[in-house]
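This structure is a prediction, so every number in the text was calculated from the model and none was measured. Because only heavy atoms are used, hydrogens play no part in the values below, and waters and symmetry mates are left out as well, while side chains stay in.
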Protein chains: 2
Amino acid sequence: MGQYKFHIERLRSSGLRPTKQRLAICKVLFDRKETFHFTIDKLKKTFEKGTKKKISVATLYNTVHAFKEKGYLKEISLKGNQTFFDTNTKNHHHFYDEHMSQLVDIDDKNVSINYLPKTPSGKKIKSIEVLVKIEDNN
Amino acid sequence: MGQYKFHIERLRSSGLRPTKQRLAICKVLFDRKETFHFTIDKLKKTFEKGTKKKISVATLYNTVHAFKEKGYLKEISLKGNQTFFDTNTKNHHHFYDEHMSQLVDIDDKNVSINYLPKTPSGKKIKSIEVLVKIEDNN
DNA sequence: AAAATAGATTAGAATCATTCTAATGTATTG
DNA sequence: CAATACATTAGAATGATTCTAATCTATTTT
Ligand SMILES: [Mn+2]
Ligand SMILES: [Mn+2]
Ligand SMILES: [Zn+2]
Ligand SMILES: [Zn+2]
């Protein structure tokens, strides 16, 4: 029974019911000053700590995917065995330290791409993502 | 039995033993005119067809990862539940049709990136990958 | 050159990220 | 306030990947 007004409104206006599971997840994901990157497993761990009521991992998947479909989250294209999600839904790119599994945003204003090749016939561009892999010096 | 000389040499010089499993996999992956993109599952299917002797899926994983470590293959950064590998080990980028799970190479000469942001401190750039997602027109 | 040892490789079994689906919950209708 | 339709949850199933014990191969020892 906290300050869920905003989340309830947004869920309703997206056609999603504001269940207590979804509101708890909204609180963890969106009641922050800064956006961040996460995996389902990291999200699960935040619910295991905190005396927050248990949420099934299947529900975490359902909810995160529903939020992604509604545009509250973006999925990041990365190799590796866990999917990364991003609460920053603006167009942007990433530095990625594979060794640390650490992502850092790069504003898309700071990247310019001049690609010459024509798009394969019958297709149009949907998005352009730049991933700059980094590693420790030396 | 076949013309494995080249593969045997390369494996030996990388410190990998030229087992019959590895040679069979080399033949499928590298005895071609054009490079290509594949998943472990697609590779598995090519061995299920053909009367080629059965290779355990674990061995496909072991071998593909060993080949990647030795630089015969690259892993492609994509979301989705199956990892894509690339027999094109030159620096290059991709068009990707998520709906079709279809990758097309973009030569890196055809892409120029001017990124302003400094690399996070203590880190250096390892690689830059551009993924252009495409979809059907209209 | 056979046997012993060490190290590499294979592949069945285990794991774990993700998806499926039957049960439960919620809104809408009469 | 039923009854019905639809949305949501979460335990179970799936499937991609990894683990590890058994097997194979190369090297060293006798
Ligand atoms: Mn992937
Ligand atoms: Mn991923
Ligand atoms: Zn981001
Ligand atoms: Zn490629």
Side-chain angles (χ1 to χ4, degrees), chain A residues 4 7-29 37-48 52-70 72-73 75-85 98 101, chain B residues 4 7-29 37-48 52-70 72-73 75-85 98 101:
Chain A
Y4 292 114
H7 299 310
I8 291 172
E9 293 297 307
R10 182 159 74 153
L11 288 165
R12 283 234 166 81
S13 70
S14 300
L16 295 174
R17 292 180 186 172
T19 64
K20 63 176 178 310
Q21 290 91 341
R22 283 175 178 160
L23 289 171
I25 294 168
C26 279
K27 206 174 169 195
V28 169
L29 295 181
H37 308 102
F38 68 95
T39 62
I40 298 287
D41 189 64
K42 275 191 284 177
L43 186 57
K44 175 160 68 85
K45 284 181 170 53
T46 76
F47 282 99
E48 285 167 355
K52 312 172 206 290
K53 69 226 99 223
K54 188 199 175 233
I55 298 180
S56 159
V57 66
T59 297
L60 296 179
Y61 277 91
N62 290 335
T63 301
V64 164
H65 283 117
F67 286 4
K68 176 189 145 194
E69 242 104 78
K70 297 304 182 183
Y72 309 172
L73 294 172
E75 189 175 344
I76 300 174
S77 292
L78 283 184
K79 67 195 186 193
N81 49 347
Q82 286 186 238
T83 301
F84 276 79
F85 294 90
E98 279 176 302
S101 288
Chain B
Y4 292 116
H7 299 310
I8 290 172
E9 294 297 306
R10 183 159 73 154
L11 287 165
R12 283 234 165 82
S13 72
S14 300
L16 294 175
R17 293 178 185 173
T19 63
K20 62 176 178 311
Q21 290 90 342
R22 282 175 180 161
L23 289 171
I25 294 168
C26 278
K27 206 174 169 194
V28 169
L29 294 182
H37 308 102
F38 68 96
T39 61
I40 298 287
D41 190 62
K42 276 190 282 175
L43 186 56
K44 176 159 68 83
K45 284 180 171 54
T46 76
F47 282 99
E48 286 167 354
K52 312 170 205 290
K53 68 226 99 222
K54 187 198 175 232
I55 298 180
S56 159
V57 66
T59 297
L60 296 179
Y61 277 91
N62 289 336
T63 301
V64 165
H65 282 115
F67 287 4
K68 177 189 147 195
E69 243 105 78
K70 298 303 182 181
Y72 309 171
L73 294 172
E75 189 175 344
I76 300 174
S77 292
L78 285 183
K79 67 196 186 193
N81 49 346
Q82 288 185 238
T83 300
F84 276 80
F85 293 90
E98 279 176 301
S101 289

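Of the possible donor and acceptor atoms, one in the side chain of B/Arg22 sits under 3.5 Å from a partner among the backbone N and O of B/Arg17. Remark: side-chain polar atoms of A/Tyr61 are not paired, donor with acceptor, to backbone N or O of A/Ser56 under 3.5 angstrom. With hydrogens and angles disregarded, no donor-acceptor distance shorter than 3.5 Å links the side chain of A/Tyr4 to the backbone of A/Pro18. Checking side-chain atoms of A/Lys70 against main-chain N and O of A/Ser14 turns up a donor-acceptor pair under 3.5 Å.
Among the candidates B/Thr39, B/Ile55, B/Leu60, the single residue satisfying the side chain to side chain contact (heavy atoms under 4.5 Å, CB included) test with B/Lys44 is B/Leu60.
Rounding to whole angstrom units, CD1 of residue B/Ile55 and P of C/dT10 are separated by 8 Å. Rounded to a whole Å, the CG atom of A/Leu11 is 10 Å from the P atom of D/dT9. The interatomic distance linking A/Ile25 (CD1) with D/dT8 (C1') rounds to 11 Å, in whole Å. As a whole-Å value, the separation of A/Leu43 CG from C/dA17 P is 13 Å. Between A/Lys44 atom NZ and C/dT18 atom C1' the separation is 12 Å, expressed in whole Å. Rounded to an integer number of Å, the gap from B/Ile8 CD1 to D/dA26 P is 11 Å. Between A/Phe38 atom CZ and C/dA17 atom C1' the separation is 15 Å, expressed in whole Å. At whole-Å resolution of the value, CG in A/Asn81 and P in C/dT18 are 8 Å apart.
In this structure, A/Lys54 reaches the D/dG11 phosphate: one of its side-chain N or O atoms is under 4.0 Å from OP1 or OP2. Regarding contacts with the backbone of C/dA11, a side-chain N or O of B/Gln21 is found under 4.0 angstrom from either OP1 or OP2. Between D/dG15 and B/Gln82, no contact under 4.0 Å exists linking OP1 or OP2 to a side-chain N or O.
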Report each atom pair, protein N/O against N/O of nucleotides 23-27 of chain C, whose distance is under 3.5 angstrom.
{"unit_1": "C/dG25", "atom_1": "N2", "unit_2": "A/Arg17", "atom_2": "NH1", "d": "3.3"}
{"unit_1": "C/dT26", "atom_1": "O4'", "unit_2": "A/Arg17", "atom_2": "NH1", "d": "3.2"}

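With salt bridges taken as basic N to acidic carboxylate O contacts below 4.0 Å, one links B/Glu98 and B/Lys79.
Heavy-atom neighbours of A/Lys42 NZ from other residues, nucleotides or ligands within 6.0 Å: above the threshold of 12.
The distance between the ring centers of B/Phe85 and B/His65 falls below 6.0 angstrom.
Here A/Thr46 contributes atom OG1 and A/Leu29 contributes atom CG; the two are 8.0 Å apart, rounded to the nearest 0.5 Å.
Less than 4.0 Å separates DNA chain D from at least one heavy atom of each of the following residues of residues 57-70 of chain B: B/Ala58, B/Tyr61, B/His65.
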